[in-house]
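What follows is a single structure, written as structure tokens, with notes after it.
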Amino acid sequence: MSGTTIASPGGLGRQQIADRLAQAFEDGWIVNLGVGMPTLCSNTPIGDRGIIYHAENGVIGYGGVLADGEEDLHLVNAGGQHVSLNPGAAIVNHADSFAIIRSGRIDVTVLGIYEVAANGDFANWKVAGAKGGGIGGAMDLAACAKRVFVILEHTTRDGKPRLLRQCALPVTARGVVTLVATNLGLFEPAGEAFRLREIAPGVTVEQIRAATGAEVIVAENLQVIQVLTG
Amino acid sequence: MAQQTKEIANFADAVRDIPDGSVIAFGGFAYPGTPFNLIQALADQGAKNLTLVANSTGGAAQPRLPDIGLLVERGQVRKVICAFTAATRASDVLPFTKYYESGEVEAELVPQGTLAERLRAAGAGIPAFYTPTAVGTELAEGRETRMFNGREYLIEYALPVDFAFVSAIRADTMGNLQYRRSQRNFNPVMAMAANMTIAEVEEDILPAGAIDPDEVHTSGIFVQRVVKIPPAPIGIWPGKRAPRAGAKS
């Protein structure tokens with residue numbers, strides 16, 4: 001669940017990043033969460049907002065990850081985790097699930113990614129030098145959801161920036177990302193630069209600029225991310 | 001004339017006549033809906049030069065289960081058509097990768113929704129369709145696109161298959177199927193896309209009429225053979241998926 005610790009100079013923890021993004025969901029949205037960090041959004045206690053979580057495998061209206069011994073072996077989310085169903089849940093087949101996606105009924109998809117560019121391009125299916133890739137549902141979601149939010153660690157394990165002027169890896173979709181949450185802050189791709197809207201506690205703008213591969217514009221009313229203590 | 005039952009007594013009989021070179025679709029998304037018993041039977045039967053259609057290439061489960069990664073490792077596979085030909089995390093290594101990188105097995109990487117719709121189209125008598133998915137990406141390079149209402153779409157072709165292996169909770173002797181929860185996933189569209197669908201089923205095969213017609217998820221028109229999964233250890237009944245090593249979520 002949500003962290004209770006004060007964020008370190010390295011910024012937010014994984015659940016805290018997800019918590020910040022989940023608070024951007026609006027009442028009644030239909031939300032698709034990708035594999036990995038995005039699924040942590042369904043753990044965030046955002047209250048009864050009428051959010052419906054949609055998974056690519058046709059599970060509509062799922063809740064949190066179930067504890068050991070409470071799992072239903074016939075039921076997983078897009079990450080293969082055993083989850084609960086909320087009242088009013090429904091199950092459809094894979095083609096109908098992607099009909100929901102392609103017809104523009106997903107209000108937001110949250111995707112875990114490798115790179116995002118200031119022009120809204122992003123990459124999450126193929127790493128440098130790999131022959132194969134893992135597209136899953138990301139290209140359908142990125143092309144067709146009303147909004148694309150992405151969530152990622154601000155830099156690679158060896159410290160290289162992942163918020164870039166242009167994607168170096170093969171893109172998943174072009175010009176679609178509107179909100180970027182990292183351990184260091186909350187950003188909007190603004191064409192030539194990233195606009196820093198909110199900054200993680202204990203992190204400096206200079207630190208963010210040094211870790212970003214594109215220009216960073218600081219929003220006039222820059223806020224500090226409120227870390228949930230729930 | 002009385003209807004003949006579609007029930008087959010065991011998995012070996014259900015897959016005995018599958019020829020080399022077949023194109024076979026396999027349902028399943030993570031464990032639910034994956035026809036592990038049929039895959040094990042096909043591995044034992046030994047058909048070769050197969051083309052496999054599935055969401056992923058398998059091989060990630062620990063301990064290992066008979067997913068399509070087993071068929072790859074047994075040298076039965078020429079090509080896979082999947083939404084994942086690499087692990088979702090770049091640091092994970094799949095058994096499939098070795099065969100793919102050496103060129104022993106070919107792969108066609110298809111976005112997941114496009115894969116489902118290509119199967120559905122094949123089952124619905126639609127030869128091709130246009131989708132906005134993958135426009136502007138490496139996958140669209142050199143391929144036909146067309147503008148509709150000011151937006152660019154990519155052509156995709158129906159994906160008919162010779163056989164579909166599906167997994168359901170319940171069937172009757174007519175081949176009508178019911179799935180439970182996320183067991184459904186690709187199974188209905190794969191059954192539609194196939195010349196012959198073989199279903200493995202958890203519960204005893206019911207007589208015709210025992211399933212409420214309103215509650216049938218896949219019509220028996222799309223299903224030719226049904227096999228009841230025997231109790232373990234003869235039948236394969238996967239438990240909970242083990243957490244991946246190092247997984248934080």
Side-chain angles (χ1 to χ4, degrees), chain A residues 14-15 18 34-37 39-40 43 55-59 62 65 68-69 71-82 85 91-99 101-102 112 114 121 125-127 130-144 170-175, chain B residues 27 29-33 55-57 60 82-90 94 96-97 100-101 107 109-117 119-120 131-139 169 179-190 192 217-218 237-241 244 247-249:
Chain A
R14 290 161 57 91
Q15 182 64 55
V35 177
M37 267 205 285
T39 53
L40 297 175
N43 295 335
E56 289 93 310
N57 59 342
V59 180
Y62 69 88
V65 176
D68 281 346
E71 304 91 346
D72 180 339
L73 295 180
H74 288 125
L75 180 62
V76 296
N77 66 7
Q81 297 168 305
H82 294 286
L85 291 180
I91 307 288
V92 298
N93 73 50
H94 235 86
D96 286 358
S97 178
F98 279 84
I101 293 168
R102 239 184 272 103
Y114 302 140
D121 294 356
W125 68 275
K126 192 177 191 181
V127 295
K131 189 172 175 187
I135 296 174
M139 283 190 182
D140 303 272
L141 285 158
C144 303
V171 300
T172 306
R174 296 195 180 276
Chain B
F29 186 98
Y31 292 1
N55 184 53
S56 72
T57 61
C82 291
F84 294 93
T85 55
T88 49
R89 287 198 315 182
L94 298 180
F96 168 80
T97 305
Y100 183 38
E101 289 185 345
L109 184 59
V110 181
Q112 202 173 98
T114 297
L115 185 62
E117 192 63 14
L119 291 157
R120 197 199 71 83
T131 177
T133 302
V135 167
T137 74
E138 195 177 294
L139 265 61
I169 189 162
Y179 312 96
R180 187 172 172 276
R181 302 296 189 245
S182 72
Q183 197 180 40
R184 194 174 322 191
N185 63 70
F186 283 97
N187 284 309
V189 288
M190 287 177 167
M192 289 169 67
H217 298 142
T218 292
W237 296 81
K240 184 190 163 191
R241 195 160 86 150
R244 300 186 323 174
K248 290 179 191 162
S249 54

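All of these numbers come straight from a predicted model, not from anything done at the bench. Worth knowing before you read on, the calculation uses all heavy atoms, side chains too, and leaves out hydrogens, waters and symmetry mates. Quick note on labels: first sequence line is chain A, next is B, and so on, each numbered from 1.
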Ranked by heavy-atom pairs below 4.5 Å to chain A, first place among A83(B), A116(B), G113(B) goes to G113(B)
How are the rings of H94(A) and F29(B) set to each other: parallel, tilted or perpendicular (split at 30° and 60°)? tilted
Using modelled atom types and a 3.5 Å cut-off, is there a donor and acceptor pairing between side-chain atoms of R174(A) and backbone atoms of G136(B)? yes
Could you check if a side-chain atom of F98(A) sits within less than 4.5 angstrom of a side-chain atom of T131(B), using non-hydrogen atoms only? no
Heavy atoms of R181(B) and H74(A) approach each other most closely as CB-O, 3.2 Å
Using non-hydrogen atoms and a 4.5 Å limit, figure out which bit of A30(B) sits close to chain A: side chain, backbone, both or neither. side chain
Most contact-rich option vs chain B, by heavy-atom pairs under 4.5 angstrom, among A142(A), G175(A), A99(A), G134(A), is G134(A)
Please flag which part of R184(B) lies under 4.5 Å from any non-hydrogen atom of chain A: side chain, backbone, both or neither. side chain
Hey, which of N187(B), L109(B), N55(B) has the most heavy atom pairs under 4.5 Å with chain A? L109(B)
Could you walk me through whether D140(A) and T114(B) pass the side-chain contact (heavy atoms from CB on, under 4.5 Å) test, one step at a time? CA-CA 8 Å; D140(A) 303 272; T114(B) 297; 3.8 Å; yes
Looking at chain A, which one of P32(B), P188(B), P238(B) has the largest number of heavy-atom pairs inside 4.5 Å, strictly under? P32(B)
Do you know which two heavy atoms are closest between A173(A) and T137(B), and how far apart they sit? N-CG2, 4.4 Å
Going from CG on N93(A) to CZ on R120(B), what distance comes out if it is rounded to the nearest 0.5 angstrom? 9.0 Å
Closest approach of V59(A) and S182(B), non-hydrogen atoms and distance? CG2-CB, 3.6 Å
Does any heavy atom of chain B fall under 4.5 Å from the side chain of L141(A), the backbone, both, or neither of them? neither
Which atom pair, heavy atoms only, marks the closest approach of E138(B) to K126(A)? OE2-NZ, 3.0 Å
Output the option from D121(A), V171(A), V76(A), T172(A) having the highest count of non-hydrogen pairs under 4.5 Å with chain B. V76(A)
At a 4.5 Å cut-off on heavy atoms, which part of R180(B) comes close to chain A: side chain, backbone, both, or neither? both
Side-chain (K240(B)) to main-chain (E71(A)) donor-acceptor, under 3.5 angstrom: no
Candidate pair L139(B) and I135(A), rule side-chain contact (heavy atoms from CB on, under 4.5 Å), full reasoning: CA-CA 10 Å; L139(B) 265 61; I135(A) 296 174; 3.4 Å; yes
Residue part contacting chain B, namely of D72(A), when any heavy atom lies under 4.5 Å: side chain
Measure V92(A) against the heavy atoms of chain B and call it side chain, backbone, both or neither at under 4.5 Å. backbone
Select one option (side chain, backbone, both, neither) describing which atoms of I169(B) are under 4.5 Å from chain A's heavy atoms. side chain
I'd like to verify something: which residue of G132(A), G136(A), G80(A) has the highest number of heavy-atom pairs under 4.5 Å with chain B? G136(A)
Residue from G133(A), G137(A), P170(A) scoring the most non-hydrogen pairs under 4.5 Å with chain B is G133(A)
Does any backbone or side-chain atom of I101(A) lie under 4.5 Å from a heavy atom of chain B? Answer side chain, backbone, both or neither. neither
Part of A134(B) lying under 4.5 Å from any heavy atom of chain A: both
